[in-house]
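Everything below concerns the one structure shown next.
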Amino acid sequence: MGTKGAETRQRMIEATRASIERRGYFGTGLNQILADSDTPRGSLYFHFPGGKDELVAAAITQTSGVIDSAIAAADITDPAGAVTELIALLGNRLEASGWECGCPVATVALEIAGTNDAVQQACTQVYERWTEALRISLHTAGYRNAEDLAVSLLALIEGALLLAQTHRNREPLNRAARVARSLL
């Protein structure tokens with residue numbers, strides 16, 4: 001694939017990322033993605049022969065990089081500080097988006113994880129990657145129950161994001177940060 005093809009593919013992924021996070025899987029239409037990415041219909045099936053599901057899976061994988069980067073940049077010697085920073089980053093992102101962009105994966109995961117294997121697998125891989133990164137950080141810091149703690153922290157963060165988005169305020173995130181610090 002040449003540079004132009006790679007750019008076209010990336011524009012479609014970016015348009016899909018923006019749409020699925022705000023509108024979910026069912027609220028994201030192919031015609032809108034094509035219009036937003038300024039690409040012809042033929043490009044969709046050239047770059048994504050699996051259609052919408054393949055495109056959404058690619059967008060989920062790529063958009064998870066926001067969290068991947070935050071976890072990778074965290075100070076693993078201070079898990080409480082790292083989790084607090086992650087919650088603050090997600091809160092800033094959520095508030096800056098007008099309460100539309102919480103977790104880059106959750107909206108789609110909640111909508112179709114039980115009915116769409118291809119997209120469910122992409123969501124699962126992202127959540128497993130985040131859990132593993134947290135587990136490694138906690139294990140490195142000396143926590144013997146690192147795996148259980150990693151899952152619990154991720155669930156705490158996801159739940160707080162959902163509540164913050166629903167209430168359109170940061171208080172659930174602030175409370176989650178306090179609980180995370182007390183756990184760690």
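The figures here come from the full heavy-atom set of this structure, side chains too, leaving out hydrogens, waters and symmetry mates.
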>> So does Gly102 get a backbone contact from the side chain of Arg93, meaning a donor-acceptor N/O pair under 3.5 Å?
In response: yes
>> Please identify which of these residues, Asp53, Thr107, Thr115, meets the side chain to side chain donor-acceptor pair (under 3.5 Å) condition with Tyr25.
In response: Asp53
> Charged N to carboxylate O under 4.0 angstrom, Arg9 versus Glu14?
Replying inline: no
> Is it true that a side-chain atom of Ser182 and a backbone atom of Val179 form a donor plus acceptor pair closer than 3.5 Å?
Replying inline: yes
> Do Gln10 and Gln62 have a side chain donor and acceptor closer than 3.5 Å?
Replying inline: yes
>> If I take atom CG from residue Asp148 and atom OH from residue Tyr143, how far apart are they, to the nearest 0.5 angstrom?
In response: 14.0 Å
>> Please tell me whether Leu183 and Val151 are part of a single hydrophobic cluster in this structure, the criterion being side-chain heavy atoms less than 4.5 Å apart.
In response: no
> Closest approach of Glu158 and Trp130, non-hydrogen atoms and distance?
Replying inline: OE2-CZ3, 3.8 Å
>> Please determine whether a side-chain nitrogen of the Lys or Arg among Arg17 and Glu21 lies less than 4.0 Å from a carboxylate oxygen of the Asp or Glu.
In response: no
> Do the side chains of Tyr127 and Leu162 join up, straight or via other hydrophobic residues, at under 4.5 Å, putting them in one cluster?
Replying inline: no
>> Looking at every heavy atom in both Thr61 and Ser64, which two are closest together, and how far apart are they?
In response: O-OG, 2.6 Å
> Which pair of non-hydrogen atoms, one from Ser19 and one from Thr28, has the smallest distance, and what is that distance?
Replying inline: OG-OG1, 2.8 Å
> Stepwise, does the salt bridge (Lys or Arg N to Asp or Glu O under 4.0 Å) test hold for Glu7 with Arg11?
Replying inline: CA-CA 6 Å; Glu7 290 171 2; Arg11 282 196 322 269; 5.1 Å; no
> Checking side-chain contact (heavy atoms from CB on, under 4.5 Å) for the pair Leu153/Leu138: CA distance, chi angles, key distance, verdict?
Replying inline: CA-CA 11 Å; Leu153 288 169; Leu138 293 164; 4.0 Å; yes
> With the 4.5 Å side-chain cut-off for hydrophobic clustering, are Leu110 and Leu156 part of the same group?
Replying inline: no
>> Check this for me: does any side-chain nitrogen of one of Arg135 and Glu147 sit under 4.0 Å from a carboxylate oxygen of the other?
In response: no
> Taking side chain as C-beta onward, heavy atoms only, is Leu90 less than 4.5 Å from Cys103?
Replying inline: no
> If Ile, Leu, Val, Met, Phe, Trp and Tyr residues are connected whenever their side-chain heavy atoms lie under 4.5 Å apart, and connections chain through other members, are Val108 and Leu94 in the same group?
Replying inline: yes
>> For Ala176 versus Ile87, what's the shortest heavy-atom pair and its separation?
In response: C-CD1, 4.0 Å
> How long is the gap from CD on Gln120 to CD1 on Ile112, to the nearest 0.5 Å?
Replying inline: 9.0 Å
>> Closer than 3.5 angstrom, by distance alone: can the side chain of Thr63 be matched with the main-chain N or O of Ala59 as a donor-acceptor pair?
In response: no
>> Do Cys123 and Ile60 make a side-chain contact, defined as non-hydrogen atoms from C-beta onward lying under 4.5 Å apart?
In response: yes
>> Does either side chain, that of Gln32 or that of Asp36, offer a donor lying less than 3.5 Å from an acceptor on the other one?
In response: yes
>> Quick check for you: to the nearest 0.5 Å, what is the distance between Leu154 atom CG and Thr131 atom OG1?
In response: 4.5 Å
>> Nearest 0.5 Å, please: how far is CG in Leu30 from CG in Leu55?
In response: 7.0 Å
> Step by step, would you call Arg178 with Glu171 a salt bridge (Lys or Arg N to Asp or Glu O under 4.0 Å)?
Replying inline: CA-CA 11 Å; Arg178 287 193 298 271; Glu171 188 55 30; 3.4 Å; yes
> In Å, rounded to the nearest 0.5 Å, how long is the span from CG of Leu149 to CG of Leu134?
Replying inline: 9.0 Å
>> Could you report the tightest heavy-atom contact between Ser43 and Met12, atom names first, then the distance?
In response: O-CE, 3.6 Å
> Which of these passes side chain to side chain donor-acceptor pair (under 3.5 Å) with Glu100: Arg23, Gln165, Arg22?
Replying inline: Arg22
>> Check this for me, if you would: do Asp68 and Arg129 make a salt bridge, where the nitrogen-to-carboxylate-oxygen distance has to be below 4.0 angstrom?
In response: yes
>> side chain to side chain donor-acceptor pair (under 3.5 Å) for Thr124 and Glu128? Distances and angles first, verdict last.
In response: CA-CA 6 Å; Thr124 295; Glu128 286 175 347; 5.8 Å; no
>> Could you check whether any side-chain N or O of Ser137 sits under 3.5 Å from a backbone N or O of Ala133, counting only pairs where one atom can act as donor and the other as acceptor?
In response: no
> Any chain of hydrophobic side-chain contacts (each under 4.5 Å) joining Val105 to Val56?
Replying inline: yes
> Which distance, rounded to the nearest 0.5 Å, do you find between the NZ of Lys52 and the OG1 of Thr16?
Replying inline: 9.0 Å
> If you measure only the distance, is there a donor-acceptor pair under 3.5 Å linking the side chains of Arg170 and Asn92?
Replying inline: yes
